[in-house]
Amino acid sequence: MRRFVACIPLLLLLTACSPTPPADAPTAAQQTQPANTPPANAALGSPGWYAWVDRTLAISDNGHGPDHGSAEWNQAVQQKLGQEAPQSEPGSPQWQQSVDALLRTRVPPQP
């Protein structure tokens with residue numbers, strides 16, 4: 001029992017000195033998530049959703065491309081989807097919902 005009690009200060013010191021990740025640091029699951037994995041909680045039309053569609057369809061090239069949600073960006077999405085492209089007005093909520101459903105059901109490419 002004495003040995004255990006003697007070890008408590010050492011354990012407390014080690015615990016206090018161990019590094020903790022910052023609150024905004026991505027978790028291991030987020031770091032290993034493939035680029036084409038849909039965002040878990042991103043709302044349609046949100047910056048996270050646009051970024052996911054952009055990555056999935058390779059609309060931008062290293063950050064250079066049309067602004068998310070712009071007419072040019074919507075047209076690029078339509079072109080990338082080809083015959084599968086939704087027939088609703090590009091950029092509309094119905095169009096976003098159709099694009100989202102289509103991309104979520106696609107089989108991811110094999111490396």
Side-chain angles (χ1 to χ4, degrees):
M1 180 71 169
R2 283 184 169 172
R3 287 183 185 172
F4 177 72
V5 172
C7 290
I8 290 177
L10 180 60
L11 290 173
L12 290 174
L13 180 64
L14 288 173
T15 303
C17 293
S18 63
T20 56
D24 60 345
T27 64
Q30 292 169 329
Q31 291 173 348
T32 59
Q33 184 178 24
N36 60 349
T37 301
N41 58 356
L44 296 178
S46 69
W49 184 81
Y50 280 123
W52 168 66
V53 173
D54 197 86
R55 282 190 316 270
T56 302
L57 295 176
I59 302 297
S60 297
D61 182 22
N62 292 327
H64 302 295
D67 292 335
H68 292 161
S70 67
E72 184 182 7
W73 188 86
N74 294 338
Q75 186 58 38
V77 171
Q78 287 286 101
Q79 288 177 342
K80 291 280 186 166
L81 292 175
Q83 293 180 340
E84 297 177 306
Q87 297 303 308
S88 50
E89 179 67 30
S92 69
Q94 296 83 7
W95 180 83
Q96 290 177 357
Q97 187 173 15
S98 297
V99 168
D100 186 80
L102 177 63
L103 294 181
R104 286 178 188 270
T105 58
R106 278 189 166 181
V107 176
Q110 298 300 318

Checklist entry - If you take all heavy atoms of Gly91 and Gln96, which pair is closest and at what distance? => result O-NE2, 3.5 Å
Next on the checklist: For residues 64-74, which residue pairs pass the salt bridge (charged side-chain N to carboxylate O under 4.0 Å, His left out) check, not counting sequence neighbours?
Outcome noted: none
Checklist entry - Which atom pair, heavy atoms only, marks the closest approach of Ala42 to Trp49? => result CB-N, 3.8 Å
Checklist entry - Is the closest side-chain heavy-atom distance between Ser60 and Arg55 below 4.5 Å? => result no
Item to check | Heavy-atom closest contact (Val99 atom, Pro86 atom, distance) | outcome: CG2-CG, 3.7 Å
Item to check | Minimum heavy-atom distance between Lys80 and Ala58, given as atom pair plus value | outcome: NZ-O, 3.4 Å
Checklist entry - Side-chain contact, heavy-atom cut-off 4.5 Å: Tyr50 with Val77? => result no
Checklist entry - Between the main-chain N or O of Ala85 and the side-chain N or O of Gln87, is there a donor-acceptor pair closer than 3.5 Å? => result yes
Checklist entry - When rounded to the nearest 0.5 angstrom, what distance separates CD in Gln97 from CG in Leu102? => result 12.5 Å
Checklist entry - Below 4.5 Å, heavy atoms only, C-beta onward: do Arg106 and Leu103 meet side chain to side chain? => result yes
Checklist entry - Just wondering, do Ile59 and Pro66 contact through their side chains at under 4.5 Å, heavy atoms? => result yes
Checklist entry - Can you pull the salt bridge (charged side-chain N to carboxylate O under 4.0 Å, His left out) pairs that have at least one residue in residues 87-105, sequence neighbours excluded? => result Asp100-Arg104
